[in-house]
2 protein chains.
Amino acid sequence: MNPTIKDVAKKANVSIATVSRILNGLPGYSEDTKKKVTAAIADLGYQPNAVARGLINRRTQTIGVLFPNVSGMLSSEVLEGVERAAHEAGFSVIVCNTASSGSRTLKYLRLLQEKRVDGVIFASEDIKDEYAEIFKEMNVPVVLVSTASQKHNLPFVRVNDFEGAYRATEYLIHRGHRQIGMIGGSNYDPIAGVPRMEGFKAALTKHSLPFIDKMLVTNEGYRFNDGQQSLPKLLHQFPEMTAVFAASDELAIGAMSAAHQLRISVPDQLSIIGYDNLKISEMCYPPLTTVSQPLVKMGEKAGEMLTALIKEKELEAKSMYLPFTIVERQTVKRMK
Amino acid sequence: MNPTIKDVAKKANVSIATVSRILNGLPGYSEDTKKKVTAAIADLGYQPNAVARGLINRRTQTIGVLFPNVSGMLSSEVLEGVERAAHEAGFSVIVCNTASSGSRTLKYLRLLQEKRVDGVIFASEDIKDEYAEIFKEMNVPVVLVSTASQKHNLPFVRVNDFEGAYRATEYLIHRGHRQIGMIGGSNYDPIAGVPRMEGFKAALTKHSLPFIDKMLVTNEGYRFNDGQQSLPKLLHQFPEMTAVFAASDELAIGAMSAAHQLRISVPDQLSIIGYDNLKISEMCYPPLTTVSQPLVKMGEKAGEMLTALIKEKELEAKSMYLPFTIVERQTVKRMK
DNA sequence: CTGAAAGCGCTTACAG
DNA sequence: CTGAAAGCGCTTACAG
């Protein structure tokens, strides 16, 4: 049995109120009683019960974080950042793997509500109306990371996908490429899918390179397999292509794998630029040139923003776009 | 303000005791009052407060899980399994990133203790005496995953590293290799480092291939960079080598990267077999042949074991070794 | 400086 | 079948 505040009160010959004051650094006791109490605490190895505290303070010092795919390489890094920031601010984090399922998400949200978490971080997915309703009901701060919502006014931490894609494409153009293809994500993904395609098109247009349908192949997801299958397709419909922009690193690496199999040398015969800068992007060969999203930092910022919102109810959150950079490695060749 | 059990009691014109019974499926009420209460609950959108429940039941339905490196590819998959099993059993999971730091681990353990988690899963690291002490103090079940402890009698879920390494080496031997090197992990890691080297040596010996020091290079960690640096070293001291066993996939992929740079073709000039079967092992080129640890399943089993222990205090846990397999891809060549 | 008491939102004997 | 009451382990006015 864990000792309670009563036990230490008895041992120190004071009331539990006094023990509580000392525990919480409130004023109201002599040096002497403080010593007695501190000694009793040490003797008993007393640890305050956070559950009891949570009940009375209406604060659990816990946040929930929802990912569509916890073990994904992107989520992992974001989670690391969230956990770090949360812990630093004195909060624990409960992880939830929604598996991109609406019903699971709903169940998790209900669960987090029952557990009375002090806030929630929602990652990489679109906010359905039902979610927004529960957010409202829960009445705790919510911050989005690596996603955003047009309908619901929720603060977010992310990178500007349009800009990132634009710059990636421009990077290729600046290296002398004129026939550029794109392996895109989903057309039904308004958060990351569409903006990256739009950024691609905008960069072409800006440099007087007409966009033609055959330059783009879209996918349902952003995974390795998608990329692997997309490259042959793209090559087939757009054989004169000298460079390709992939909407994610997995897509890019899948494309590289397909290129290897087709005996197309990267970057000599085909240049590739990715998007994300996952850890694998420097592990593959040749190492991938890519748009770097500061994933850990995004998680951290989201964690900081959320805990700040929890601590000072008034403060209005301002969303933030974090800067991206282009990490030059070895998959893009300069055309003369 | 969230409605409480009092609100529904008032609304349904019954006592809170009755509401509680209905909520918990205990016997003792008429169909009629059940209906009234259910209606009131729905009306108010009442959600039981898990914090209050936790206080009185001494059960938080929450477990803690500690990883040395949450965002590592290995941890990620284990976490996915843990989370799945925990959730299925009605538990939430709090993640902790110890960053392989003893003091952080201790702080997390204290925190989990204060939060009164019902159990903890400890991953991929050695159990120091201080940790074991806190485990005892906490008085909740603990299960280890992807690690084990010789000193402390704690149940574990893992793969037999000696066997895995033995079989990997034998795989190479069966493919006709006689000059086999190893890129090992740490000599100071009794859990994964040493057994994998021992398994390697044992397989050689068993097949009458003498082990010589030059055949092995060890590392502090199991990371990509370590592998990258190890291959040239190993090649230097053991140039006649035709195949190498790497103690992790990252090590193997780092070695492949070094091979690429040295213009050594894998598997034509050098065969490589890894250990883990991380997702990257099929994304690199050529896809890596490796010893597959069922990481997600390991997490799942650990989660199941822990929640079972929580539910039935008596039951003694029996550790388990999960089976590994060798996944044949394209980095090992058959010698004639 | 210190303590008795109420209360956070529940569950669980106990009595009827 | 149903309710009054005690209690889980704390915090916080309130009174002295």
Side-chain angles (χ1 to χ4, degrees), chain A residues 1-38 40-41 44-62 90 111 113-118 138-140, chain B residues 1-38 40-41 44-62 90 111 113-118 138-140:
Chain A
M1 212 55 252
N2 279 307
T4 74
I5 197 172
K6 249 187 218 165
D7 299 317
V8 353
K10 189 173 301 171
K11 178 140 197 162
N13 264 310
V14 296
S15 72
I16 62 168
T18 298
V19 177
S20 176
R21 284 186 201 104
I22 292 175
L23 246 24
N24 294 292
L26 299 176
Y29 44 79
S30 65
E31 259 313 299
D32 210 50
T33 73
K34 173 163 182 180
K35 248 177 231 156
K36 283 194 305 184
V37 170
T38 312
I41 288 174
L44 296 169
Y46 170 74
Q47 298 265 133
N49 181 329
V51 180
R53 279 185 162 172
L55 181 58
I56 197 154
N57 291 335
R58 293 135 182 307
R59 272 287 189 78
T60 53
Q61 298 297 123
T62 303
L111 190 65
Q113 187 177 189
E114 285 193 14
K115 295 233 162 154
R116 299 299 191 261
V117 295
D118 299 328
M138 290 178 82
N139 194 32
V140 297
Chain B
M1 213 53 256
N2 280 306
T4 74
I5 196 173
K6 250 188 219 165
D7 299 318
V8 355
K10 189 172 301 172
K11 180 144 196 158
N13 262 311
V14 297
S15 72
I16 61 168
T18 298
V19 176
S20 177
R21 282 185 203 104
I22 292 173
L23 246 24
N24 294 291
L26 300 175
Y29 43 80
S30 65
E31 259 315 299
D32 209 52
T33 73
K34 173 164 182 177
K35 247 175 232 155
K36 282 193 307 185
V37 171
T38 311
I41 288 174
L44 296 168
Y46 169 74
Q47 298 266 131
N49 180 329
V51 180
R53 279 184 159 172
L55 181 58
I56 196 153
N57 291 336
R58 292 135 183 306
R59 273 287 188 78
T60 52
Q61 298 297 123
T62 303
L111 190 65
Q113 188 177 189
E114 285 192 16
K115 294 231 162 154
R116 299 298 191 262
V117 295
D118 299 328
M138 290 177 82
N139 194 31
V140 297

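Residue numbering restarts at 1 for every chain, and letters A, B, ... go by the order of the sequence lines.
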Figure out the [atom1]/[atom2] separation between [X] and [N], and round it to whole Å.
X	N	atom1	atom2	result
B:I22	D:dG3	CD1	C1'	13 Å
B:L55	D:dA6	CG	P	18 Å
A:I56	C:dA5	CD1	C1'	12 Å
B:L26	C:dT12	CG	C1'	9 Å
B:D32	D:dT2	CG	C1'	13 Å
A:K10	C:dG3	NZ	P	15 Å
B:E31	D:dC1	CD	P	10 Å
A:K36	C:dG3	NZ	P	8 Å

Is the backbone N or O of [Y] less than 3.5 Å from a side-chain atom of [X], with the two atoms forming a donor-acceptor pair by type?
X	Y	answer
A:N24	A:L26	no
A:D7	A:T4	yes
B:Q61	B:G90	yes
A:K36	A:K11	no

Practice item. Between C:dG9, C:dT12, D:dC10, spot the one nearest the side chain of B:A17, thanks. Key: C:dT12
Check your understanding: Looking at the side chain of A:N57, which of C:dT11, C:dC10, D:dT12 is the nearest nucleotide?
Key -> D:dT12
**Study point:** Side-chain donor-acceptor contact under 3.5 Å, B:K115 with A:T62
**Key:** yes
Review point. Which one is paired to C:dC1, where only Watson-Crick or G-U wobble pairs with both distances under 3.5 angstrom count?
Key: D:dG16
Revision key, fill the gap. Exactly one of B:L44, B:T38, B:T18 clears side-chain contact (heavy atoms from CB on, under 4.5 Å) with B:V8, and that residue is B:L44
Strictly below 4.0 Å: does [X] bring a side-chain N or O up to OP1 or OP2 of [N]?
X	N	value
B:S20	C:dT11	yes
B:R58	D:dG9	yes
B:R53	C:dG9	no

Practice item. By nearest nucleotide on DNA chain D, pick out whichever of B:T18 and B:R116 is the more 5' one. Key: B:T18
Review point. If each of A:N24 and A:K6 is mapped to the nucleotide of DNA chain D with the nearest heavy atom, which maps nearer the 5' terminus, i.e. the 5' end?
Key: A:K6
Determine the contact category for [X]: base if any of its heavy atoms lies under 4.0 Å from a base atom, sugar-phosphate if only primed atoms, P, OP1 or OP2 are that close, otherwise nothing.
X	value
B:I16	base
A:S30	sugar-phosphate
A:V14	sugar-phosphate
B:T4	sugar-phosphate

**Study point:** Under-3.5 Å donor-acceptor pair between B:R21 side chain and D:dG3 base
**Key:** yes
